[in-house]
Amino acid sequence: VQLQASGGGLVQAGGSLRLSCTASGNTFSIDRMGWARQTPDPRRELVASITLGGATNYGDSVKGRFTISRDNAKNTVYLEMNNLEPDDTAVYYCAARNVPGAPTDAAQYDTWGQGTQVTVSS
């Protein structure tokens, strides 16, 4: 499986951005796709994930502001980020998990795409 992410950028606080991630290769092995983000803190923070059937999970810091969705026909997952805050500034990574169940740690994802930078100015 390969993951290609896009859509990062610079936005002012209160603004919006949409990230996209398209999977290719053996996509039949994927149970769930999601996003994690990394700041200078070495740990990657879980942001959101979604199953093939549309079940979603969100990190506490983004609930109510971010929405994850997917287009199964396009093997693409989207992350709509609204009301962005400076603390949302990070490199956002798309990821895929083959094992059923929501991950509780970023290390539980099996495949990672390249990161895309999101910068929110105050």
Would you check, one step at a time, whether the test side-chain contact (heavy atoms from CB on, under 4.5 Å) holds for V118 with T89? CA-CA 5 Å; V118 171; T89 295; 6.0 Å; no
Out of curiosity, F28 CZ to N75 CG, how far, rounded to the nearest 0.5 Å? 8.0 Å
Answer whether the closest heavy-atom distance between the side chains of I68 and V77 falls below 4.5 Å. yes
In terms of heavy-atom contacts, D31 and G101 come closest through OD2-N, 3.8 Å
Are S24 and V1 packed together at the side-chain level, in the sense that at least one heavy-atom pair is separated by less than 4.5 angstrom? no
P86 vs S121 side-chain heavy atoms within contact, under 4.5 Å: no
Under a 3.5 Å threshold, yes or no: a donor from one side chain and an acceptor from the other, between N57 and R32? yes
Go through the side-chain N and O atoms of T76 and T22 and say whether any donor and acceptor fall under 3.5 Å apart. yes
Distance alone, cut at 3.5 Å: any donor-acceptor contact between the side chains of S16 and N82? yes
Please determine whether side-chain contact (heavy atoms from CB on, under 4.5 Å) holds for the pair Q38 and R43, giving the CA-CA distance in whole Å, both sets of side-chain angles, and the decisive distance to 0.1 Å. CA-CA 7 Å; Q38 187 160 11; R43 290 189 60 187; over 6 Å; no
So do the side chains of Y58 and V47 get within less than 4.5 Å of each other, counting heavy atoms only? no
Can a side-chain donor-acceptor contact be found between S61 and E45 if the only test is distance below 3.5 angstrom? yes
Quick one: disulfide bond (SG atoms under 2.5 Å apart) pairs with a partner in residues 36-72, sequence neighbours left out? none
Is it the case that R44 places NZ or CZ above or below the six-membered ring of W35, under 6.0 angstrom from the centre and within 45 degrees of the axis? no
For the student: nearest non-hydrogen atoms of I30 and A23, plus distance: CD1-CB, 4.0 Å
Is there a donor-acceptor contact under 3.5 Å from the side chain of Q114 to the main chain of A5? yes
Under the side chain to side chain donor-acceptor pair (under 3.5 Å) criterion, do Q117 and T119 qualify, and how do the steps go? CA-CA 6 Å; Q117 178 71 45; T119 303; 3.3 Å; yes
Any side-chain heavy-atom pair of L52 and M33 under 4.5 Å: no
Taking side chain as C-beta onward, heavy atoms only, is M81 less than 4.5 Å from L19? yes
Distance-only polar pair, side chains of R37 and Y92, donor-acceptor under 3.5 Å: yes
side-chain contact (heavy atoms from CB on, under 4.5 Å) for V11 and L17? Distances and angles first, verdict last. CA-CA 8 Å; V11 65; L17 282 174; 4.0 Å; yes
Transitively linked via ILVMFWY side-chain contacts under 4.5 Å: I50 with Y109? no
Taking the six-membered ring for Trp, are W112 and Y93 parallel (under 30°), tilted (30 to 60°) or perpendicular (over 60°)? perpendicular
What I'd like to find out is whether the side chain of R97 reaches to under 4.5 Å of the side chain of D110, using heavy atoms alone. yes
Distance under 6.0 Å and angle within 45° of ring axis: R18 vs Y78: yes
Would you please test T111 and L3 for side-chain contact (heavy atoms from CB on, under 4.5 Å) and show each step? CA-CA 8 Å; T111 304; L3 303 174; 4.2 Å; yes
